[in-house]
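Here is the structure we will look at, set down as structure tokens.
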Number of protein chains: 2
Amino acid sequence: MRKDSRLSRVLHVLIHMGASHEPLSSSRIGDMLVTNPVVVRRLMANLSKAGFITTIPGRGGGWVLAQPLSKITMFDVYQLFGEGTLFTLGLTDEHTNCVIEKSINRELDAVLNEAEQLIIDRMKSLKLSELAQ
Amino acid sequence: MRKDSRLSRVLHVLIHMGASHEPLSSSRIGDMLVTNPVVVRRLMANLSKAGFITTIPGRGGGWVLAQPLSKITMFDVYQLFGEGTLFTLGLTDEHTNCVIEKSINRELDAVLNEAEQLIIDRMKSLKLSELAQ
DNA sequence: TTAACAGTAACAATATATGTTACACTTATG
DNA sequence: CATAAGTGTAACATATATTGTTACTGTTAA
């Protein structure tokens with residue numbers, strides 16, 4: 001399956017941003033992530049809407065942290081990107097009346113939910129400031 | 001992300017197969033899964049190679065279980081389809097020398113591995129015969 | 001001899017993150 | 001004030017893996 005690296009990338013950016021005292025531009029971040037500035041702006045749009053970063057417009061601008069890294073958990077960031085789509089496994093729903101399918105879905109769903117909850121709990125306890133060390 | 005429903009589908013087929021005393025053909029299974037017979041044959045090829053089913057060629061043929069459902073765990077089937085690609089989250093490796101990236105990958109990897117291990121343990125303890133009830 | 005089956009190759013469809021180009025708008029700097 | 005350096009965003013291309021489809025070969029029962 002295709003992998004979604006947005007969480008990983010955004011974490012990377014945020015932590016670098018915490019170490020910088022000047023705004024980071026999409027061009028510089030693009031160099032860091034080896035990608036296009038527009039891809040970066042798309043990523044940052046989520047962070048901006050969620051209030052984690054502040055946009056500084058115009059020349060010399062970019063983004064700066066709106067909160068210290070110690071106040072942002074990995075879960076906060078995780079939530080921004082496709083929560084609920086963590087697993088590549090999909091359940092089928094071709095026949096909502098088949099008891100076998102229902103049984104399979106119930107079990108699979110239980111297993112996946114338990115695993116996701118574990119991940120969420122771990123992420124909630126992980127501050128980005130801890131990743132910076 | 002696109003979901004991979006092969007595991008779910010194959011479990012469905014195996015359990016129906018356990019309840020049937022005649023061979024199931026790709027056409028009949030295709031009706032069950034609301035898909036094409038060739039898609040079914042592709043799915044079944046994995047099960048066949050792994051020794052879970054036996055092919056009965058020619059007219060009136062199809063597949064039958066080669067083992068009772070009580071001897072097959074969900075993990076056995078899970079293994080057949082993209083083990084190691086359970087999560088949609090991808091790690092980045094643009095700069096193997098960036099300590100921040102390393103730190104993020106280490107933490108993310110630890111969290112995901114722990115969750116995957118939990119899923120594997122649960123699946124190993126789940127016999128398909130238990131799903132049939 | 002024919003119909004019903006598996007196996008497989010080849011190709012199309014689909015969905016989604018990612019990559020890219022283009023343009024409007026804003027701001028610091030000379 | 002003109003220009004360069006920025007963001008924001010729309011529009012379109014790319015890549016990739018599952019899924020869908022057609023077509024063919026070979027096998028077996030009736």
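Order of the sequence lines fixes the chain letters, A, B, ..., with proteins taken first and strands second; residue numbering starts at 1 for each chain.
- Using a 4.0 Å cut-off, no side-chain N or O of B/S27 falls inside it from OP1 or OP2 of C/dC5.
- Going from atom CZ of B/R6 over to atom C1' of D/dT19 covers 10 Å, rounded to whole Å.
- For the pair A/L24 CG and D/dT7 C1', the interatomic distance rounds to 14 Å; values are reported in whole Å.
- Contact of the B/W63 side chain with the B/S26 side chain is registered, since non-hydrogen atoms from C-beta on lie closer than 4.5 Å.
- Between the base of C/dG19 and the side chain of A/R42 there is a donor-acceptor pair shorter than 3.5 Å.
- Checked against D/dT21, C/dC5, D/dA29, the side chain of B/S25 finds its nearest nucleotide in C/dC5.
- Distances were taken from every side-chain heavy atom of B/T35 (C-beta onward) to each of C/dA28, D/dG20, C/dA6; the shortest belongs to D/dG20.
- Rounded to the nearest 0.5 angstrom, B/M74 CE and B/K127 NZ are separated by 14.0 Å.
- The 5' end of DNA chain D is approached more closely, in terms of each residue's nearest nucleotide, by A/G61 than by the other of A/G61 and B/P37.
- Across all strands, A/R9 comes closer than 4.0 Å only to sugar-phosphate atoms, never to a base (heavy-atom distances).
- Taking atom CZ of A/F87 as the reference point, atom C1' of D/dT18 lies 19 Å away to the nearest angstrom.
- Taking 3.5 Å as the limit, the base of D/dT9 and the side chain of A/R41 contain a donor-acceptor pair of atoms between them.
- Summarising the geometry, the separation between CZ on A/R28 and P on D/dA4 is reported as 21 Å, rounded to the nearest angstrom.
- Among D/dT18, C/dA4, C/dG7, the nucleotide with an atom closest to any side-chain atom of B/T55 is C/dG7.
- In this structure, A/E22 atom CD and D/dG6 atom P are separated by 10 Å, rounded to whole Å.
- Which of D/dA29, D/dG20, D/dT9 sits closest to the side chain of A/V38 comes down to D/dT9.
- For the pair B/K49 NZ and C/dT8 C1', the computed distance is 10 Å after rounding to whole Å.
- We find that CG of A/L47 is positioned 11 Å from P of D/dG8, with the value rounded to whole Å.
- No donor-acceptor distance shorter than 3.5 angstrom exists from the side chain of B/T88 to the backbone of A/K3, with no hydrogens or angles considered.
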How far apart are the C-alpha atoms of A/L128 and A/T73, what are their side-chain angles, what is the distance that settles it, and do they pass the side chain to side chain contact (heavy atoms under 4.5 Å, CB included) test?
CA-CA 6 Å; A/L128 297 199; A/T73 69; over 6 Å; no
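- The minimum heavy-atom distance between B/M17 and B/L65, with the atom names listed, is SD-N, 3.8 Å.
- Taking atom CG of residue A/N36 and atom P of nucleotide D/dG8, one finds them 15 Å apart after rounding to whole Å.
- A close approach under 4.0 Å does not occur between any side-chain nitrogen or oxygen of B/S5 and OP1 or OP2 of D/dT18.
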